[in-house]
Amino acid sequence: MKKILIAFMLLCSVSAFAKEYTEVVEVPGKNADQLYSTAREWFAETFKSADDVLQMDDPVAGKLIGKGLVKVPIVSGKYSVATNMRFTIKVFVKDGRYKCDITNILIGGGEGATIDEYESACGYEGVKIALIKAGMPNAKDKMINKILANNKVNFPRFPKEIEKIIESLKVKMKSVEDDW
């Protein structure tokens, strides 16, 4: 069990280019200022501290850029642990619409593995390559197959988490303002 967790952590210490998630959403009846304010509020509600997350906060340009971090539960054998998923999230607003980009997705501790690397490690050869890069060139088939089985179970959790983040922004941006 310890070997599998160690191998997972080593796998997550490699980095390269990552997938990007982009969506443009129409929000009729809301101007850029309203959308900007709503997006800023979403950052504050979604992450522990919007001030810690936001790297750029430009109301004139209608641009918010942040570095997000969420904990994603994964399984390793019969154990469940939470691992970090870090990403850059950009929200651009214009009258009646906004654009959301999620990029630079890294999974795990240290430098992390990109989501593409993690996906490629859902195949036997991908696990072998990741283990070689992590300094374990002589991993046995039993270990490779255990890691492979875990990766196949765990990988879908990361894109689902990204989809949840995008959906939560969408719900917030389309919400009706209270007129109290």
Side-chain angles (χ1 to χ4, degrees), residues 1-25 42-43 46-50 52-56 63-92 99-171:
M1 178 60 214
K2 284 184 182 179
K3 285 183 180 179
I4 292 173
L5 283 174
I6 290 169
F8 171 75
M9 293 307 174
L10 290 172
L11 169 66
C12 291
S13 67
V14 188
S15 64
F17 298 102
K19 272 188 176 127
E20 296 183 5
Y21 294 79
T22 299
E23 188 166 356
V24 176
V25 179
W42 175 82
F43 270 96
T46 302
F47 302 103
K48 287 184 182 180
S49 167
D52 291 339
V53 171
L54 286 172
Q55 306 293 304
M56 179 178 218
K63 186 185 304 185
L64 294 157
I65 301 174
K67 301 284 186 183
L69 180 137
V70 294
K71 299 278 187 184
V72 179
I74 61 169
V75 295
S76 183
K78 57 186 171 186
Y79 299 97
S80 180
V81 295
T83 192
N84 292 337
M85 180 171 66
R86 300 180 315 266
F87 50 90
T88 301
I89 181 166
K90 300 174 186 176
V91 178
F92 307 95
K99 178 181 177 186
C100 174
D101 292 332
I102 297 180
T103 61
N104 304 323
I105 304 163
L106 297 173
I107 299 167
E111 290 181 27
T114 69
I115 198 162
D116 287 336
E117 289 169 331
Y118 202 109
E119 184 175 32
S120 77
C122 289
Y124 188 86
E125 289 302 315
V127 173
K128 283 177 59 175
I129 290 167
L131 289 171
I132 290 168
K133 286 181 180 178
M136 299 177 70
N138 300 319
K140 304 285 185 224
D141 279 346
K142 184 176 178 182
M143 176 187 239
I144 292 169
N145 286 324
K146 282 185 180 182
I147 293 169
L148 179 59
N150 284 335
N151 288 353
K152 285 182 177 181
V153 168
N154 291 320
F155 174 75
R157 295 167 188 232
F158 298 100
K160 283 181 185 172
E161 193 65 34
I162 294 294
E163 290 169 13
K164 284 175 27 182
I165 291 165
I166 292 169
E167 184 60 28
S168 108
L169 176 61
K170 194 180 295 183
V171 167

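The chain is numbered in sequence order, starting from 1. These values consider heavy atoms only, across backbone and side chains, with no hydrogens, waters or symmetry-generated copies. This one's a predicted model, so the numbers in the text were calculated from it and none came from an experiment.
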Just how far is it from atom [atom1] of [X] to atom [atom2] of [Y], taken to the nearest 0.5 Å?
{"X": "I115", "Y": "I107", "atom1": "CD1", "atom2": "CD1", "value": "4.5 Å"}
{"X": "I147", "Y": "C122", "atom1": "CD1", "atom2": "SG", "value": "12.0 Å"}
{"X": "I144", "Y": "K128", "atom1": "CD1", "atom2": "NZ", "value": "6.0 Å"}

Side-chain polar contacts of residues 156-164 - donor-acceptor pairs under 3.5 angstrom, sequence neighbours left out - could you list them?
unit_1, atom_1, unit_2, atom_2, d
R157, NH1, P73, O, 3.0
E161, OE1, K164, NZ, 3.4

Can you list everything that forms a side chain to side chain contact (heavy atoms under 4.5 Å, CB included) with [X]? Sequence neighbours excluded, please.
{"X": "L69", "value": "N84, R86"}
{"X": "N138", "value": "none"}
{"X": "K170", "value": "E23, V25, Y98, E167, K174"}

Looking at every heavy atom in both [X] and [Y], which two are closest together, and how far apart are they?
{"X": "L131", "Y": "A139", "answer": "CD1-CB, 3.6 Å"}
{"X": "A121", "Y": "V127", "answer": "O-CG2, 3.1 Å"}
{"X": "G108", "Y": "T83", "answer": "CA-OG1, 3.4 Å"}
{"X": "I165", "Y": "F87", "answer": "CD1-CZ, 3.6 Å"}

Can you list the residues that meet the salt bridge (charged side-chain N to carboxylate O under 4.0 Å, His left out) rule with K99, with sequence neighbours excluded?
D101
I'd like to check [X] versus [Y] (side-chain heavy atoms, cut-off strictly below 4.5 Å). Are they in contact?
{"X": "F43", "Y": "I89", "answer": "yes"}
{"X": "E119", "Y": "D116", "answer": "yes"}
{"X": "N104", "Y": "L106", "answer": "no"}
{"X": "S120", "Y": "I129", "answer": "no"}

T114 side chain to E117 main-chain N or O, any donor-acceptor pair under 3.5 Å?
yes
Do any N or O atoms from the side chain of N154 and from the backbone of V75 form a donor-acceptor pair under 3.5 angstrom?
yes
How are the rings of W42 and F47 set relative to one another: parallel (under 30°), tilted (30 to 60°) or perpendicular (over 60°)?
perpendicular
Under the rule for side chain to side chain donor-acceptor pair (under 3.5 Å), what residues qualify as partners of K152, not counting sequence neighbours?
none
